[in-house]
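Treat the numbers as computed from the prediction; the structure is a model and nothing was measured.
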Amino acid sequence: MNAPAVTEKAAPRSERSQSRRLAGWREHHGWSAAASLRRLGGRPLGTLMTVAVLGLALSLPLAFYLLLANVQSMGNALGQNPAISVFLKPDPAGAQANLLAGELRGRTDVAAVAVKTPQQGLDELANLQGFSGAVHALDDANPLPWVLVVQPKAGLDAPAVDALVEALRGERAVELVQDSSQWRQRLDALLGVGHRVVLVLAALLALAALLVVGNTVRTDIASRSEEIGVLMLLGASRAFVRRPYLYAGVWYGLFGGVLASLLALAIELALAGPAAELDRAYGGSLSLGALPWWLLLAVPLASAVLGWIGARLVSARQLRKAA
């Protein structure tokens, strides 16, 4: 008859004990975070040097990413769906040009076809610097051919564009086909290599940041080996002893990531003037961009995680040796 009463009293006692342990766990986390931050502030020169190394290392991938993103943006602005120039055989009346243009407009892989007369080509040539004198020296006969400017349909891949170019070259009235999409394919290939380089560089520098934090925490633990030994003799667990050093790694990583984001913003500001001049030179069509805000926020968080991992690996090994 008394067993249920004992159970009812034991349950609240167990809940209170668990609540006290949880409160103590939270209190020690707060103390560890504050104590590790005060410890970093107690040696400002060493902390500043470690944070500076982390910030410089992590800012390099951001700078390369910014450069590649703007090169890709320039490529999109200057060569998105580049046109194909089709030079026709001599035809003074232009009947072949109009007939072929009508046939091409009916193709599913062609978005638009513009017919450029020899006189329009001559006028464009006269407007180019250094060619006006040569154009005026020509006789009345215009030597330029009719030209069709073929715009491929948006979204066509490289093999489809190549197939269109081969079809144009097979036309009887065509003398020459100039495909301007090859430079874009080469640019895309170079950008692909650049993105892979940025990923490899980011991985290597992240590993370097992890090693820097780990070595710094290892030195800190070694300098407090006697204090750690006393705590463990008094019955402190490894997790209890390790916690302040884990927070030190988090602080190192967080501050290094913040510095890296600030350096990336400084690089953007330094390049803003030349980028604006370049954009104006191309009539405002380049639309050069900046680093996305989510990336600037993600770098400090990711760096803090790296700092925690480095501190966790080193502190676990050092405490095993101390035990």
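- For the pair Phe240 and Ser32, the minimum side-chain heavy-atom distance is 4.5 Å or more.
- Taking 4.5 Å as the limit, some side-chain heavy atom of Arg312 sits within range of a side-chain heavy atom of Arg242.
- Ala264 and Leu296 get closest at one heavy-atom pair: CB-CD2, 4.3 Å.
- Proximity of a side-chain donor or acceptor of Trp146 to a complementary backbone N or O of Ala95 within less than 3.5 Å is not detected.
- Considering Thr216, Leu306, Val53 in turn, Thr216 is the only one that fulfils the side chain to side chain contact (heavy atoms under 4.5 Å, CB included) rule with Tyr252.
- The CD1 atom of Ile267 sits 11.5 Å away from the CG atom of Leu262 when rounded to the nearest 0.5 Å.
- Evaluated for a side chain to side chain contact (heavy atoms under 4.5 Å, CB included) with Phe255, the options Leu48, Leu54, Val250, Leu37 yield exactly one hit, Leu37.
- The two atoms that bring Ala52 and Leu259 nearest to each other are CA-CD2, 3.7 Å, heavy atoms only.
- The distance from the CG atom of Leu100 to the CG atom of Leu168 is 7.5 Å, given to the nearest 0.5 Å.
- By the 4.5 Å heavy-atom criterion applied to side chains, Phe64 and Val197 are not counted as neighbours.
- Linking ILVMFWY side-chain heavy atoms closer than 4.5 Å, directly or via other members, places Leu60 and Leu211 in two distinct hydrophobic clusters.
- A distance of 13.5 Å separates CG of Leu246 from CH2 of Trp251, quoted to the nearest 0.5 Å.
- Of all the heavy atoms in Leu148 and Ala97, the pair that sits closest is CD2-O, 3.8 Å.
- One hydrophobic cluster, built from ILVMFWY side chains closer than 4.5 Å, cannot hold both Trp294 and Leu301; they sit in different ones.
- The closest side-chain heavy-atom distance from Asp220 to Arg39 is below 4.5 Å.
- Proximity of a side-chain donor or acceptor of Ser303 to a complementary backbone N or O of Gly253 within less than 3.5 Å is detected.
- Hydrophobic cluster membership differs between Leu254 and Val314, with clusters built from Ile, Leu, Val, Met, Phe, Trp and Tyr side chains linked at under 4.5 angstrom.
- Rounded to the nearest 0.5 Å, atoms CG (Leu164) and CZ (Arg169) are 10.5 Å apart.
- Atom CG of Leu269 has more than 12 heavy atoms from other residues, nucleotides or ligands within 6.0 Å.
- Side-chain N or O atoms of Thr219 include one that pairs as donor or acceptor with a backbone N or O of Asn215 at under 3.5 Å.
- Residues Leu40 and Tyr247 are not in side-chain contact: their nearest non-hydrogen atoms beyond the backbone lie 4.5 Å or more apart.
- If you chain together hydrophobic residues whose side chains sit under 4.5 Å apart, Leu205 and Val305 never meet in one group.
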Check your understanding: Gln178 and Phe87: side-chain contact (heavy atoms from CB on, under 4.5 Å), yes or no, with the steps?
Key -> CA-CA 8 Å; Gln178 187 178 44; Phe87 297 88; 4.0 Å; yes
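- The heavy-atom pair separating Pro152 from Ala111 by the smallest distance is O-CB, 3.6 Å.
- Between the CG atom of Leu62 and the CG atom of Leu67 there is a distance of 12.5 Å, given to the nearest 0.5 Å.
- Residues Val217 and Leu313 do not share a hydrophobic cluster, defined by chaining ILVMFWY side chains whose heavy atoms lie under 4.5 Å apart.
- Taking both residues in full, the closest heavy atoms of Lys89 and Val174 are given as CE-O, 3.6 Å, listed atom of the first, atom of the second, then distance.
- Between Ser261 and Pro300, the shortest heavy-atom distance links the atoms OG-CD, 3.7 Å.
- Summarising the geometry, atom CG belonging to Leu265 is positioned 7.5 Å from atom CG belonging to Leu291; distances are rounded to the nearest 0.5 Å.
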